[in-house]
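Quick note on labels: first sequence line is chain A, next is B, and so on, each numbered from 1.
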Amino acid sequence: MPVTFNLADALDTALKSAATSAGLEAAAFVPEVRTADARHGDFQANGVLGYAKARKLNPRAVAEKLVAALPAEVPAAYDVVIAGPGFINFTLKPSALFAWLRIHDSAAHLKASAATARQGQTWIVDYSSPNTAKQMHVGHLRSAVIGEAICRLLEFSGAKVIRDNHIGDWGTQFGKLIWAYQRHLDAAALASDPLEEFERLYKVGNAAAEADSAVLEQARQELVKLQAGDPANLAIWKRINDASLGAFQQIYDQLGITFDVTLGESFYNDQVGRIYRELGETGLAQESQGALVVFHPEHPRFKTQPFIMRKADGASNYATTDLATALYRTEHFHADGIVVVTDFRQADHFEQLFLTVRKWFAAKHYRLPELHHVTFGVITGEDGKALRTRDGGTIKLKELLTEAEARAFALVSERSADIPPDERQKIAAVVGVASIQYSDLSQNRSSDYVFAWDKIISLEGNTAAYLLYAGARIHSIFRKLGAAEAGVTAASPDPSGLAGAPETPTELALARKLVKFADAIRLATDTLRPHFLSLYLYELAGEFSAFYAADKVAVDDPAIRARRLLLCGRTLLILETGLNLLGLRTLTRM
RNA sequence: GCGAGCGUAGCACAAUGGAUAGUGUAGUGGCCUCCGAAGCCAUUGAUCUGGGUUCGAUUCCCAGCGCUCGCACCA
């Protein structure tokens with residue numbers, strides 16, 4: 001059968017075709033092909049069980065009819081076995097594994113094969129999105145890291161992705177901040193470290209507002225003035241934002257993030273009038289206790305819990321700007337999908353927002369994009385509580401990344417003292433940041449996760465270092481064997497064409513894992529859960545390590561050497577492609 | 001009070017309704033004259049409780065219990 005990138009898809013098609021020719025109710029038959037536990041094969045089709053049960057048929061008999069009707073290319077490529085109550089198991093033959101590996105020979109080829117699901121679509125990913133006037137802290141890490149991985153996965157599936165940093169540059173923090181700026185500014189501190197000074201001023205304003213309700217009211221008035229376009233307040237505001245964005249960019253550079261647009265809340269300030277008008281016209285919004293709100297009568301909670309889109313004092317809030325944002329992304333960017341990456345505490349807000357947007361767009365006949373709120377849990381310390389410094393302060397992201405690099409440098413120095421210090425420093429920069437990213441991406445984003453340096457910068461287990469190490473070993477093989485044999489490189493591991501199908505148990509296990517790359521990225525992308533890809537890469541690195549320990553590559557027999565080099569080359573290709581999809585940088589030595 | 005998320009070995013985590021619930025770490029025992037031992041191989045140990053749906057439930061539903069979070073003008 002022709003070699004396809006996603007083998008499970010091809011099996012699904014073949015099974016549907018077999019269902020027709022075997023006389024099943026083909027329209028009602030869903031093959032349910034999925035990757036299988038290696039004990040049972042490479043893929044399994046479970047659909048016969050439910051189909052047979054619903055019709056009171058013997059599932060094994062149905063499976064036998066189906067298998068007999070499979071197109072000839074399936075038994076040519078797979079050993080097909082009916083097992084248990086009616087599972088159909090497919091185990092790739094070595095020749096089919098070899099055919100897949102030979103063809104999928106470059107990152108560009110992999111991407112071209114994968115880029116079908118969302119071809120021609122435009123997706124907006126809203127992530128990171130810190131508030132200005134504050135430094136980024138550890139709480140901002142997950143949105144940035146998970147969001148970037150999702151962007152890359154969506155791009156790999158064919159979408160045009162617009163990365164949007166929806167910064168909080170228009171919130172009520174500016175009321176307190178401007179209030180304090182006018183009264184307590186330290187000009188010298190502002191000149192030397194503006195962000196530190198803004199943070200100090202915010203704390204001063206916040207404390208004063210908490211202590212004195214008159215101050216709180218004054219701060220509110222400053223915010224209203226700002227939102228009305230008062231020139232003095234606007235000048236202060238702009239100064240704060242410019243300084244903040246410069247500081248953010250240093251973090252993004254370390255994380256490998258480049259935003260296409262930075263359209264914060266302020267960008268939508270002049271669009272709120274249309275929001276008030278349209279939600280009024282459509283009858284969605286109503287006055288309640290002086291505020292303009294939306295209720296959802298069909299919803300058990302939101303029939304009484306309001307979605308406040310204009311406060312009683314007349315100011316807009318983030319509901320207003322988020323509504324305007326959804327409209328802008330639809331009208332200006334023609335978004336097919338919108339993904340917002342924030343922590344789970346905002347789940348109510350986005351549920352209300354999306355409910356409102358759906359009704360509003362339907363009433364106005366606007367095209368409705370797919371709307372996804374991608375949530376994640378909090379990062380906790382080893383005590384299970386939100387991660388903080390010893391004295392209870394927030395951990396600044398800048399300091400976290402610096403410490404990660406320092407710890408990685410110590411580790412690299414301990415293990416690879418022969419590498420020159422300046423190169424070790426560069427390696428440590430990659431290992432440190434990758435370790436932080438990977439610790440976040442390697443587990444299901446829904447749960448909280450415990451931050452422990454020893455686990456993150458570890459040499460062992462499901463860590464960035466383990467994956468980078470596997471890659472570095474492969475590079476090392478090609479440095480040695482490539483030098484001895486003309487034309488052999490990781491990108492072209494078999495120039496002589498001597499490689500054949502995998503033979504040993506560890507060669508086969510590695511090859512069988514490699515061909516399931518397509519399933520891993522499909523699963524990670526469709527669920528917007530990068531940890532499925534992380535898990536796959538970890539298992540791939542594990543299969544490689546087992547292969548590497550069991551089967552020597554640098555053997556004299558040219559055919560054996562060639563087929564093992566092919567496996568090394570393809571492992572490196574898929575490992576590095578996958579790590580890059582997660583947003584990690586890779587290494588050739590470490 | 002109402003609602004949401006989470007609850008899996010000592011610890012940290014997986015499991016797209018499938019087969020004997022996987023991995024790391026810690027523990028134990030092996031493997032470097034041989035391509036990088038940051039590695040490999042072997043081994044001990046777990047689904048919060050009780051019902052239900054299903055041929056099949058860690059997964060879906062219901063009721064408890066525990067932790068975390070949200071619930072009128074912060075984002």
Charged N-O contact under 4.0 Å between A/Arg424 and A/Glu414
no
Please collect all salt bridge (Lys or Arg N to Asp or Glu O under 4.0 Å) contacts where either partner lies in [range], sequence neighbours excluded, each pair once.
| range | result |
| --- | --- |
| residues 532-545 of chain A | A/Lys513-A/Glu539 |
| residues 52-61 of chain A | A/Glu25-A/Arg55 |
| residues 441-450 of chain A | none |

Under 3.5 Å, which N/O atoms of the protein pair with N/O atoms of nucleotides 40-46 of chain B?
| residue | atom | partner | partner atom | Å |
| --- | --- | --- | --- | --- |
| B/C40 | OP1 | A/Tyr466 | OH | 2.7 |

Set of residues satisfying ring-ring contact (aromatic ring centres under 6.0 Å, His included) with respect to A/Phe90, sequence neighbours excluded
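Here the qualifying residues are A/Tyr78.
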Kindly write out the residues that satisfy ring-ring contact (aromatic ring centres under 6.0 Å, His included) with A/His299, not counting sequence neighbours, or none if the list is empty.
A/Phe302
Tabulated below should be each protein N or O lying under 3.5 Å from an N or O of nucleotides 53-55 of chain B; please produce it.
| residue | atom | partner | partner atom | Å |
| --- | --- | --- | --- | --- |
| B/C55 | OP1 | A/Lys53 | NZ | 3.3 |

Going by atom types alone, do A/Asp383 and A/Thr380 pair a side-chain donor with an acceptor below 3.5 Å?
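The answer is no; no qualifying pair exists.
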Just checking, is any N or O donor in the side chain of A/His349 or A/Tyr318 under 3.5 Å from an acceptor N or O on the other one?
yes
What nitrogen or oxygen pairs link the protein and nucleotides 4-12 of chain B at under 3.5 Å?
| residue | atom | partner | partner atom | Å |
| --- | --- | --- | --- | --- |
| B/A12 | O2' | A/Lys455 | NZ | 2.7 |

So for A/Thr380 and B/U68, does any side-chain atom that can act as donor or acceptor lie under 3.5 Å from a complementary atom in the base?
no
Could a donor-acceptor pair under 3.5 angstrom be found where the side chain of A/Tyr318 meets the base of B/A75?
yes
I need a per-nucleotide contact map over nucleotides 21-28 of chain B, read 5' to 3'. Cutoff is protein heavy atoms under 4.0 Å; write B for the base, S for backbone only, - otherwise.
-SSSS---
What residues, two or more places apart in sequence or in another chain, satisfy salt bridge (Lys or Arg N to Asp or Glu O under 4.0 Å) together with A/Glu576?
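Not a single residue meets the salt bridge (Lys or Arg N to Asp or Glu O under 4.0 Å) criterion with A/Glu576.
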Measure the OG1-CD1 distance between A/Thr356 and A/Ile275 for me, rounded to the nearest 0.5 Å.
11.5 Å
For A/Asn46, what residues pass the side-chain contact (heavy atoms from CB on, under 4.5 Å) criterion, not counting sequence neighbours?
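So A/Asn46 forms a side-chain contact (heavy atoms from CB on, under 4.5 Å) with A/Glu32, A/Arg34, A/Gln44, A/Phe87.
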Give, ordered by number, those residues of residues 424-439 of chain A having at least one heavy-atom distance below 4.0 Å to an atom of RNA chain B; if nothing qualifies, reply none.
none
